[in-house]
Amino acid sequence: MSRLARLGLAVTLLFALAAPVRAQVKDDTPRNYGVGRVATPGQIAGWDIDVRPDGRGAPPGRGSVKDGEKVYLDKCAACHGEFGESAGRWPQLAQGKGTLASHDPVKTVGSYFPYLSSVFDYIRRSMPFGDAESLSNDELYAVTAYVLNLNDIVDDKFVLSKETWSRVKMPNQGGFFDDDREKTEKAFWNSNPCMKDCREPVKITGHAQAVDVTPDEKTQKRGVE
Amino acid sequence: MTQPTDKKRTTRRRFLAGAAGLAAAGASSARADNAKNLPPNVADWTRQLGEGVGVRAYGNPSKYEKHVIRRTVPWLTATPESSVSFTPLHQLDGIITPNGLCFERHHGGIAEIDPNDYRLMLHGLVEKPLIFALDELKRLPRVNKIHFLECAANSGMEWRGAQLNGCQYTHGMVHCVQYTGVTLKVLLEQAGLKPNAKWIMAEGGDAAAMNRSIPLGKALDDCIVAYRMNGEMLRPEQGYPVRLVVPGWEGNVWVKWLRRLKVGDQPWFTREETSKYTDLLENGKARQFTFLMDAKSVITSPSPQAPVKQKGFNVISGLAWSGRGKIKRVDISLDGGRNWRAARIDGPVFDKACVRFYYELDWNGEELLLQSRAMDDTGYVQPGKDALRKIRGVNSIYHNNGIQTWALKADGEVENVEVG
């Protein structure tokens, strides 16, 4: 190696040693990584099952209250009860009107659900329980119509379809409002919470042991053997 | 997994595990010591070789820890496929929940998804609808974040008063793990958002195909499409192979077994965000889209399932978290909220993650009413249960972050109580 070359190497080494080791910096500028494939309309159609309150996404088809009764008795009544009254702890689908402000609110399709789509979309994706996405579109419309009828929202002759969608008016549509905690619970923000003598001496007013609903160890599965 | 070689051994193990479970459930007397293992004697495990490497190819906790399990409340739901199991908070410490103990909430059972056949569809108001295979998601830039996940219904059984006698049941619908995945922002950038995009719908691929609407702002802020928890792939119970992570927001929107993201211009008002996960107030009107989990804390030990065993010096231990940011301070009361003193936070404090706090005291059998009160960096202070009920009534089921009271009795037993 020539002297000059040696000097060059030394300089390079010196720079290499002096240069700080820099980690790769996370780059947040949007970039197309070329990862993933285009979803085809055919692929999307198979999974695109959501329905909005305005009926967008609802499939073609139609179903009457009368046809729905048969589907319902066949596939739903065992859990939800013949009249939507519920069997055991399964969700109750009908009645409950006027109970929301009471001590025992009963939340059903008729008393609580704000939109037809909230029911229809749910049945479409997850019912019958254990046999999801098995109903034909006509059965789906029919059974939904029947559940509406159980709640006196539509009459016995009603036929549900995309065309009649907007005629369904859910009783509790106006029963909801957006989260307002930052306004109505403003008092919970307090940079200087009380530390001393914050309240009168405290008394016990309720005992969980008296309620006696805590599961005992016999109901629990053990860890891995 | 251990493989017992004879029946006798299995039976004995079962018995031991059962005895340990009972002790943990309430009785303060521990299982009797075996003198042959104690000094001056030399224990069996000191004389004999143990199992070699590879026998426990995927390791489990000690066989003496079999009582540390998720537990259920059988009367709570109609069927185990749509139900909940609870994290044993009273038996854990630190801030990270072990993967196998993270509480479960399924709506249609645990989907067992073949990772080769896993696909995530991203479509709606995007320039280019896309499908990602799992390996493709893993090729995108990764982030690691520690976050708590709390079910909106955690403590939901306690609105009307002290009901369940165990921290696991009153507060066990929370866990905190480290997630690895790609940010939802990066994913959305791959598809390109249309100008009128405002909401995202996330949908699961399980038998409930659970779907929730999430505002675009949150989606672009800190959501993660995650495939790992605590380093390993997600557990099936937690959405294997992919779940949505929505930091600080109610667990229901953290859709598991994520199969589809659809971009829209308004929320969908799905069943899970109308009929469920809305907070019914006293006047019969309900709050909707109450995504955020407010600051909350609980003393995990002592608690009804973890009584105090000995007088003298003891450590009170608990967890605190806030969906609004970082936990700034946790206070402890020994007299049911009359007087407070600051607890000691130990370990890391992350944004929208659990923190561990301790309060050390000499206890000589006096009856105490133990409470903890969390405060976050927005200045939000965890409210008392009465303050919460005054605004919300007792019918809202969800978002009960009220201060918990444990009564510590002279014998060391602890009970969930209501104070006034």
Side-chain angles (χ1 to χ4, degrees), chain A residues 30 32-33 35-39 43-44 47 50 52-53 88-90 100-101 105 107 112-115 117-118 121-122 125-126 132 175-180 184-185 188-191 193 195-199 201-209 211 213-215 217 219-220 222-225, chain B residues 1 17 21-22 25 60 66 69 71 73-74 78 108 121 123 128-132 136 139-140 161-166 189-190 201 207-209 211 260 268-271 274-275 280 283-290 336-340 369 379-381 383 391 395 415-420:
Chain A
N32 188 342
Y33 295 96
V35 173
R37 281 155 288 177
V38 171
Q43 287 174 315
I44 293 172
W47 284 10
D50 54 279
R52 297 197 328 192
R89 295 197 60 81
W90 298 96
L100 295 183
K107 298 178 189 169
Y112 200 57
F113 277 63
Y115 299 106
S117 65
S118 309
D121 174 85
Y122 181 69
R125 64 182 55 252
S126 61
F176 298 83
F177 62 96
D178 283 344
D179 188 0
D180 63 352
T184 51
E185 301 184 0
F188 296 158
W189 275 265
N190 175 7
S191 54
M195 299 298 282
K196 207 169 153 25
D197 296 326
C198 303
R199 57 189 293 178
V202 176
K203 282 194 299 260
I204 295 178
T205 56
H207 291 266
Q209 279 174 359
V211 183
V213 290
T214 309
E217 284 299 300
T219 63
Q220 308 298 326
R222 296 261 148 249
V224 187
E225 282 293 328
Chain B
M1 204 175 293
L22 278 176
N60 283 310
K66 277 181 187 160
I69 51 170
R71 288 180 173 80
V73 179
M121 186 181 282
H123 71 120
K128 188 172 68 170
L130 290 172
I131 287 186
F132 297 93
E136 290 168 332
R139 284 173 54 207
L140 292 165
Q163 183 164 218
L164 286 161
N165 205 33
E189 282 165 4
Q190 303 313 296
M201 189 206 70
N211 58 336
R260 194 161 66 100
W268 276 256
F269 295 95
T270 72
R271 182 254 198 183
T274 54
S275 149
L280 185 59
N283 64 1
K285 302 285 180 197
R287 283 182 183 149
Q288 65 185 1
F289 300 123
T290 47
R338 203 162 179 231
N339 295 289
W340 296 89
L369 291 170
Y380 182 96
V381 183
I391 297 171
N395 288 338
E415 189 188 5
N416 175 13
V417 297
E418 192 73 33
V419 291

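These values consider heavy atoms only, across backbone and side chains, with no hydrogens, waters or symmetry-generated copies. Reminder, nothing fancy here: chain letters follow the sequence lines and each chain counts from 1.
Of the two parts of B:Lys128, only the side chain, counted from C-beta on, holds a non-hydrogen atom closer than 4.5 Å to a non-hydrogen atom of chain A. Both the backbone and the side chain of B:Arg338 come within less than 4.5 Å of a heavy atom of chain A. In this structure, the portions of B:Asn165 lying under 4.5 Å from any heavy atom of chain A include both its backbone and its side chain. Contacts between A:Val211 and chain B at a heavy-atom distance below 4.5 Å involve the side chain alone, from C-beta outward. Residue contact with chain B, scored on non-hydrogen atoms closer than 4.5 Å, involves the side chain of A:Asp121 exclusively. Interface residue B:Ile391: only side-chain heavy atoms are found under 4.5 Å from chain A. If you measure heavy-atom distances from A:Tyr115 to chain B, the contacts under 4.5 Å come from the side chain alone. Only the side chain of A:Phe113 comes within contact range of chain B, with heavy atoms under 4.5 Å apart. Only the side chain of B:Glu189 has a heavy atom closer than 4.5 Å to any heavy atom of chain A. When heavy atoms are compared at a cutoff of 4.5 Å, A:Tyr33 approaches chain B by way of both its backbone and its side chain.
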*Residue pair A:Phe177, B:Arg287: steps toward the side chain to side chain contact (heavy atoms under 4.5 Å, CB included) verdict*: CA-CA 5 Å; A:Phe177 62 96; B:Arg287 283 182 183 149; 3.4 Å; yes
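Neither side chain, B:Asn211 nor A:Asp50, offers a donor N or O lying under 3.5 Å from an acceptor on the other. Between B:Gln288 and A:Asp178, the side chains place a donor N or O and an acceptor N or O closer than 3.5 Å (distance only, hydrogens not considered).
For the set B:Leu130, B:Leu140, B:Thr270, the count of heavy-atom pairs under 4.5 angstrom toward chain A peaks at B:Leu130. Per-residue counts of heavy-atom pairs under 4.5 Å with chain A were compared for B:Asn283, B:Leu280, B:Val73; the largest is that of B:Leu280. Comparing A:Ala39, A:Gly88, A:Pro30 by heavy-atom pairs within less than 4.5 Å of chain B, the highest count is held by A:Ala39. Interface check for chain B: of the options A:Ser117, A:Ser191, A:Ala101, the most heavy-atom pairs under 4.5 Å are formed by A:Ala101. Highest contact tally toward chain A, considering only B:Gly161, B:Gly166, B:Gly337, B:Pro129, is held by B:Pro129 [criterion: heavy-atom pairs under 4.5 Å]. When each of B:Leu164, B:Leu369, B:Asn416, B:Ile131 is scored by its heavy-atom pairs under 4.5 Å with chain A, the top score falls to B:Ile131.
Across all their heavy atoms, A:Lys196 and B:Asn339 have their closest contact at CA-OD1, 3.3 Å. When every heavy atom of B:Ala208 is checked against every heavy atom of A:Ser126, the shortest pair comes out as O-CB, 3.4 Å. Of all the heavy atoms in A:Tyr112 and B:Thr274, the pair that sits closest is CE2-O, 3.3 Å. Residues B:Arg271 and A:Ser118 approach most closely at CB-O, 3.5 Å, considering heavy atoms.
In this structure a side-chain-to-backbone donor-acceptor pair under 3.5 Å is present from B:Glu418 to B:Ala162.
Contact annotation: the side chain of A:Val35 never approaches that of B:Gln190 to less than 4.5 Å [non-hydrogen atoms, C-beta and beyond].
Separation of atoms CH2 (A:Trp47) and CZ (B:Arg260) is listed at 9.0 Å; rounding is to 0.5 Å.
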